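No experiment lies behind these values; they were computed from the predicted model shown. Along the sequence shown, residues are numbered consecutively beginning with 1.
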Amino acid sequence: MDKTIKIKVKLGVWDLYHFLLQYNYKSFGGFLGVIISLLSLGYLITTYQKHDLGTNIIFLLIGLLWTVIQPLLLLQKAVQQAAKNEAYKAALEYEFDNNGLKIHQGKDKVEVLWENIVRVKEDKKQILLFTSRIHACILPKEQFLEELQQLKILIQEKVKK
């Protein structure tokens with residue numbers, strides 16, 4: 001494929017929040033945290049009359065930690081990142097070709113070779129191109145539906161599994 005695929009992406013709070021949720025909860029640690037929270041809530045519900053108030057509060061806090069508190073903290077983090085970071089204030093222009101991708105924003109330009117993409121993840125809302133364990137290009141699908149199939153084919157061809 002010799003064609004260049006160009007897309008424009010403007011990341012918002014909800015795009016960042018979705019990424020943070022996926023990153024934190026689709027791992028063994030995130031899964032384990034949810035299980036611990038649910039078990040704690042279940043234990044609290046079935047045995048709250050047997051324990052004193054302090055013990056019940058501890059089980060309640062553990063139960064809420066990964067089911068309510070962590071998602072709210074991730075939302076707060078997404079809001080703060082979107083407000084503080086200049087990269088989220090303007091659209092990013094991506095240019096994909098046989099060599100890799102170029103990312104433009106105003107005067108800034110970054111090039112990433114396909115061999116520097118260490119992992120690709122896709123869900124219903126986003127394609128994530130990881131350049132390290134914790135850094136990824138977030139591509140919200142709804143913003144480039146016309147180019148989506150071509151881009152998926154190019155990524156499958158170029159990124160080594």
*Give the intermediate values and the outcome of side-chain contact (heavy atoms from CB on, under 4.5 Å) for residues L151 and F144.*
CA-CA 10 Å; L151 182 58; F144 60 95; 3.6 Å; yes
*Check step by step if side-chain contact (heavy atoms from CB on, under 4.5 Å) holds for E142 and K125.*
CA-CA 7 Å; E142 67 181 15; K125 294 184 177 190; over 6 Å; no
*Step-by-step side-chain contact (heavy atoms from CB on, under 4.5 Å) determination, K158 to N98*: CA-CA 7 Å; K158 298 298 179 179; N98 283 326; 3.3 Å; yes
_Pair F96, L129 - check side-chain contact (heavy atoms from CB on, under 4.5 Å), show working._
CA-CA 12 Å; F96 298 87; L129 302 175; 3.8 Å; yes
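With hydrogens and angles ignored, the 3.5 Å screen pairs no side-chain donor or acceptor of S40 with any backbone N or O of I36. Within the 3.5 Å criterion, the main-chain N or O of D123 finds a donor-acceptor partner in the side chain of K141. Using modelled atom types, one side-chain atom of Q105 and one backbone atom of A87 make a donor-acceptor pair closer than 3.5 Å. With hydrogens and angles ignored, the 3.5 Å screen pairs a side-chain donor or acceptor of K10 with a backbone N or O of Y88. Side chain of D15 to main chain of L11: no donor-acceptor pair is present (N/O by atom type, distance under 3.5 Å, no hydrogens or angles). Without hydrogens or angle criteria, S37 side chain to I62 main chain gives a donor-acceptor distance under 3.5 Å. E93 places no side-chain N or O within 3.5 Å of a backbone atom of K6 that could act as its donor or acceptor partner. Under the 3.5 Å distance criterion, the side-chain polar atoms of E122 are left unmatched by any main-chain donor or acceptor of L128. Checking side-chain atoms of T47 against main-chain N and O of K50 turns up no donor-acceptor pair under 3.5 Å.
The two residues P140 and Q126 have their closest heavy-atom pair at CA-CG, 4.3 Å. Nearest heavy-atom pair, R119 versus R133, reported as atom, atom and distance to 0.1 Å: NH2-O, 3.8 Å. Looking at every heavy atom in both residues, D97 comes nearest to L154 through O-CD2, 4.0 Å. Closest approach of A82 and V13 over heavy atoms only: CB-CG2, 3.7 Å. Nearest heavy-atom pair across I127 and K152 is CD1-CG, 3.9 Å.
Atom-to-atom distance recorded for K124:NZ and H18:NE2 is 9.0 Å, nearest 0.5 angstrom. Atoms CG and CD1, on L92 and I103 in that order, are 7.0 Å from each other to the nearest 0.5 Å. Atom CG of L53 is separated from atom OH of Y48 by 13.0 Å, given to the nearest 0.5 angstrom. To the nearest 0.5 angstrom, F130 atom CZ is 11.0 Å from H135 atom NE2. The distance from atom OG1 of T55 to atom CD1 of I57, rounded to the nearest 0.5 Å, is 9.5 Å. Between the CG atom in N116 and the CG atom in L101 there is a gap of 9.5 Å [rounded to 0.5 Å].
A 4.5 Å side-chain heavy-atom check between H104 and Y94 finds every atom pair outside the cut-off. Side chains of V112 and T131 form a contact here, defined as non-hydrogen atoms less than 4.5 Å apart.
Tracing side-chain contacts under 4.5 Å through hydrophobic residues (I, L, V, M, F, W, Y), one never reaches L61 starting from W66; they form parts of separate clusters. In the hydrophobic clustering of this structure, I69 groups with Y23; members are Ile, Leu, Val, Met, Phe, Trp, Tyr whose side-chain heavy atoms approach within less than 4.5 Å, directly or through other members. Both W14 and V9 belong to a single network of hydrophobic side chains, linked directly or stepwise wherever heavy atoms of I, L, V, M, F, W or Y lie under 4.5 Å apart. Residues V68 and L38 share a hydrophobic cluster, clusters being chains of Ile/Leu/Val/Met/Phe/Trp/Tyr side chains in contact below 4.5 Å. One hydrophobic cluster, built from ILVMFWY side chains closer than 4.5 Å, cannot hold both L60 and I45; they sit in different ones.
Within a 6.0 Å sphere centred on NZ of K89, other residues, nucleotides and ligands contribute more than 12 heavy atoms.
Between H51 and Y43, the ring centre distance stays below 6.0 Å.
K26 and Q22 share a side-chain donor-acceptor pair at under 3.5 Å.
No option in V79, L16, L21 other than L21 meets the side-chain contact (heavy atoms from CB on, under 4.5 Å) test with L74.
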